[in-house]
Amino acid sequence: MKIISMNRAALVSAIFCLISLPATADPRSDALAGISRCASIADDRLFLDCLYGAAQPLRAKLGLPPAPAAQVNLVPPALGAAVAPPPAMARVAPPPRDEGFFGGILGSGKAVAPAQRMSSYAFDSHGIFSVTLSNGEVWRQVEGDSNFAQWRAPASSYLVILRSGAFGSSNLQVQGQSTTFKVERVR
């Protein structure tokens with residue numbers, strides 16, 4: 001009798017393990033599942049970008065160019081799915097500036113580009129953010145910056161201004177907010 005109850009317990013455990021494993025689906029089903037998860041996004045532009053990102057499995061199957069990472073990253077993960085950390089990004093030098101001798105040392109504080117809307121933002125486990133702008137540029141907060149962003153609204157509601165800082169550094173400010181963040185361009 002004891003052997004039967006141990007076998008039954010092992011069988012029940014095996015069934016629960018199999019149920020908890022994610023099913024692998026075809027690219028069309030994966031795309032449809034991703035699209036359904038986009039429904040939680042209220043902003044119409046971000047919702048549309050999420051739909052484009054959710055179609056990535058089909059794009060890959062058909063050999064089409066991949067969707068931009070900003071769109072793919074908008075697709076919420078499936079419940080219970082492990083979220084992989086974003087891939088490490090190589091640093092890209094900021095555009096050259098002609099600010100004169102003192103402007104180059106102290107930073108002119110001038111906007112180095114027209115204001116851009118955010119298309120996405122993400123925080124790492126230490127609260128450091130990465131921002132993708134509507135022009136495709138990606139900026140990451142410099143480690144050691146003591147300011148922490150408190151953004152909660154959809155990314156497209158934030159207008160970003162990039163300014164030159166001291167010694168060739170860059171500063172990011174969100175229009176209407178007083179906090180300035182030290183950032184570096186990564187793409």
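The figures that follow rest on heavy atoms only: side chains count, while hydrogens, waters and symmetry mates do not.
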### Donor-acceptor contact below 3.5 Å, side chain T132 vs main chain S119
no
## Note on the structure
Separation between CD (Q141) and CD1 (I128), nearest 0.5 Å, reads 4.0 Å
### Task
Find the distance between CG (D30) and NZ (K61) and round it off to the nearest 0.5 Å.
11.0 Å
### Query
Is there a side-chain contact between E184 and S170, using heavy atoms and a 4.5 Å cut-off?
no
### Query
Are Y52 and L46 connected, step by step, through hydrophobic side chains (Ile, Leu, Val, Met, Phe, Trp, Tyr) whose heavy atoms are closer than 4.5 Å?
yes
### Gap between atom CZ of R45 and atom CZ of R117 - 0.5 Å precision
9.5 Å
### Query
Would you say R59's side chain and P65's backbone share a donor-acceptor pair under 3.5 angstrom?
yes
### Query
How long is the span from the OG1 atom in T180 to the CZ atom in R163, to the nearest 0.5 Å?
7.5 Å
### Message
side-chain contact (heavy atoms from CB on, under 4.5 Å) for M118 and V174? Distances and angles first, verdict last.
### Response
CA-CA 10 Å; M118 281 189 202; V174 174; 4.0 Å; yes
## Note on the structure
Residues passing the ring-ring contact (aromatic ring centres under 6.0 Å, His included) test with F129, sequence neighbours excluded, are W151, F181
### Task
Please name all residues satisfying side chain to side chain donor-acceptor pair (under 3.5 Å) with S156, sequence neighbours left out, ordered by chain then number.
D43
### Beyond-backbone contact of N171 with K182, side-chain heavy atoms, under 4.5 angstrom
yes
### Message
Using the side chain to side chain donor-acceptor pair (under 3.5 Å) criterion, which residues pair with Q116? Sequence neighbours excluded.
### Response
S134
### Message
Tell me whether D145 contacts the main-chain N or O of V183 through its side chain, where contact means a donor paired with an acceptor under 3.5 Å.
### Response
no
### Query
Under a single-linkage definition using a 4.5 Å side-chain heavy-atom cutoff for Ile, Leu, Val, Met, Phe, Trp and Tyr, are I35 and F47 assigned to the same hydrophobic cluster?
yes
### Query
Got a sec, which pairs hit disulfide bond (SG atoms under 2.5 Å apart) with one end in residues 30-69, sequence neighbours left out?
C38-C50
### Task
Can you run down the salt bridge (Lys or Arg N to Asp or Glu O under 4.0 Å) pairs that involve residues 119-139, sequence neighbours left out, and say none if there aren't any?
D124-R140, E137-R185
### Query
Which atom names give the shortest non-hydrogen contact between Q177 and Y158, and what distance separates them?
NE2-CE2, 3.8 Å
Acceptor/donor pairs from residues 70-77 side chains to any protein atom, 3.5 angstrom cut, sequence neighbours excluded:
{"from": "Q71", "atom 1": "NE2", "to": "D49", "atom 2": "OD1", "distance (Å)": "3.4"}
{"from": "N73", "atom 1": "ND2", "to": "A69", "atom 2": "O", "distance (Å)": "3.1"}

### Task
Indicate, with yes or no, if L133 and F123 share a hydrophobic cluster defined by side-chain heavy-atom contacts under 4.5 Å among Ile, Leu, Val, Met, Phe, Trp and Tyr.
yes
